[in-house]
Amino acid sequence: MNGKTVMACIDAAYAALKEHTDEIASLDQQIGDGDHIFNLLRGMEALLAVRAEIEAEAFGPALDIAATKVLSTVGGSSGPLFFSLLNGMAKASVTNAMDVGGFAQIFAAGVEAVRQRGKTGVGSKTMMDVLIPVAKRFAELAAESAAARVVLDTLPQIAEENMLATRDMLATKGRASFLGERSRGHIDPGARSSQIMIASVCARLAQRNG
Ligand code: ADP
Ligand code: MG
């Protein structure tokens, strides 16, 4: 795990988000202002533009560069939230090993940073409804000494189930909360984009894991 791995994950997430542009745009048109996917793609394109810098670094510093770029380019509510995720992970990578247990802790630290920034947990119809259950399951798998292959197969399933569950939730945070009851019946765009990124990153890492 190093800057090259980080960049390979960014490439995978970018390709997957790009493929779902219309769908995510339409989700955010229904319960937000439609900009979510475009905010994200702008951020990802800024990361692609500093590929050489990211690839030259070790894992933590590579995430740090990505975090700073995301903060200055993504905007919206999700910019500072994804900054917190990457920055929280970068900080935790200093004290954790590059193995399943270490990555479970690194991811959990990133998600905790998002929770503190966004001041919300599960149930308010946001990306947290995907990130928190995935971090929790990751920690459980690490505690059971699960193989990397099992982790990479399981986490996308957890992400998908929990993304789908946002459909029936009432939004109580962010722009969608202004709609009250009318927010029900639509999947949260941030939950969908997070789930897509988790699925594509896990698939890419599973390839490398052979
Ligand atoms: P904006 O709502 O400012 O237009 P975006 O469209 O980029 O920002 O992002 C919207 C997404 O951000 C939502 O779908 C939701 O998942 C997420 N979000 C909004 N507020 C919060 C929060 N307080 N905590 C976590 N996620 C949030
Ligand atoms: Mg929006």
Side-chain angles (χ1 to χ4, degrees), residues 10 13-14 16-48 66-89 91-92 107-138 155-156 158-201:
I10 293 168
Y14 178 68
L17 287 174
K18 189 99 182 144
E19 200 179 309
H20 292 91
T21 301
D22 293 350
E23 182 205 332
I24 299 170
S26 133
L27 292 176
D28 198 33
Q29 275 152 20
Q30 276 153 350
I31 61 168
D33 56 358
D35 64 345
H36 180 63
I37 184 64
F38 303 106
N39 291 339
L40 279 182
L41 291 176
R42 187 170 56 245
M44 305 291 283
E45 281 156 11
L47 297 181
L48 302 183
T68 309
K69 273 281 162 204
V70 159
L71 186 63
S72 62
T73 54
V74 175
S77 329
S78 55
L81 297 169
F82 284 117
F83 164 79
S84 299
L85 181 70
L86 295 170
N87 185 251
M89 287 177 68
K91 284 186 182 152
F107 187 68
V111 173
E112 175 57 21
V114 184
R115 197 187 62 73
Q116 284 179 16
R117 172 66 68 117
K119 300 188 173 54
T120 195
V122 290
S124 55
K125 197 179 180 103
T126 70
M127 62 175 79
M128 300 315 284
D129 290 303
V130 167
L131 296 179
I132 290 176
V134 168
K136 186 164 172 271
R137 194 56 201 275
F138 200 167
L155 298 184
I158 303 298
E160 178 158 8
E161 282 163 24
N162 285 281
M163 173 277 290
L164 290 173
T166 65
R167 191 195 304 271
D168 295 330
M169 290 179 185
L170 175 72
T172 55
K173 274 280 172 182
R175 226 175 262 284
S177 65
F178 306 149
L179 294 178
E181 283 296 329
R182 282 193 296 130
S183 66
R184 284 197 213 270
H186 305 281
I187 288 168
D188 174 62
R192 179 69 168 129
S193 64
S194 298
Q195 174 259 322
I196 287 172
M197 288 191 270
I198 288 165
S200 56
V201 165

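Note that ligands are numbered from 1 as they come in the structure, with each ligand's atoms numbered from 1 the same way.
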What is the nearest protein non-hydrogen atom to [atom], stated with its residue, atom name and distance?
| atom | value |
| --- | --- |
| atom 24 (N) of ligand 1 | T120 CG2, 3.3 Å |
| atom 20 (N) of ligand 1 | G174 CA, 3.7 Å |
| atom 6 (O) of ligand 1 | D35 OD1, 2.9 Å |
| atom 7 (O) of ligand 1 | S78 OG, 2.6 Å |
| atom 13 (C) of ligand 1 | D188 OD1, 3.4 Å |
| atom 5 (P) of ligand 1 | H36 ND1, 3.5 Å |
| atom 23 (N) of ligand 1 | G118 O, 2.9 Å |

* With heavy atoms under 4.0 Å as the rule, classify the contact between I31 and ligand 1 as side chain, backbone, both or neither. => neither

Please indicate whether any nitrogen or oxygen in [X] is less than 3.5 Å from any nitrogen or oxygen in ligand 1.
| X | result |
| --- | --- |
| L81 | no |
| M127 | yes |
| K119 | no |

Between [X] (side chain only) and [Y] (backbone N and O only), is there a donor and an acceptor less than 3.5 Å apart?
| X | Y | answer |
| --- | --- | --- |
| K69 | L47 | no |
| K173 | T120 | no |
| D129 | G123 | yes |
| D28 | H36 | yes |
| D188 | A191 | yes |

* **D22 atom CG, neighbour heavy-atom count above 12 within 6.0 Å** => no

* Asked: Does ligand 1 have an atom under 4.0 Å from some heavy atom of G32?
  -> no

* To the nearest 0.5 angstrom, please state how far the CD1 atom of I37 sits from the CD atom of Q29. => 12.0 Å

* **Point-to-point distance, once rounded to the nearest 0.5 Å, from CZ of R175 to OG of S77** => 6.0 Å

Under 4.0 Å from a heavy atom of [X]: give me the atoms of ligand 1 that qualify, with their elements.
| X | value |
| --- | --- |
| D33 | 4 (O) |
| G76 | 3 (O), 8 (O) |
| K173 | 23 (N) |
| G190 | 14 (O), 16 (O) |

* Side chains of M127 and S78: does their closest heavy-atom pair fall under 4.5 Å? -> yes

* To do: Round to 10° and report the angle made at the Mg ion (ligand 2) by OD1 of D33 and OD2 of D28.
  => 90°

* Asked: Taking all non-hydrogen atoms of both residues, which atom of I31 and which atom of P189 are closest, and how far apart?
  -> CD1-CD, 3.7 Å

* Minimum-distance pair of heavy atoms, taken over all atoms of R117 and P80 -> NH1-CB, 3.3 Å

* **Proximal heteroatom of D35 relative to the Mg ion (ligand 2) (N/O/S)** => OD1

* Asked: Is it true that E181 and R184 have a side-chain N and a carboxylate O under 4.0 angstrom from each other?
  -> yes

* To do: Could you pull out, from S194, P80, S77, S177, the option with a heavy atom nearest to atom 8 (O) of ligand 1?
  => S77

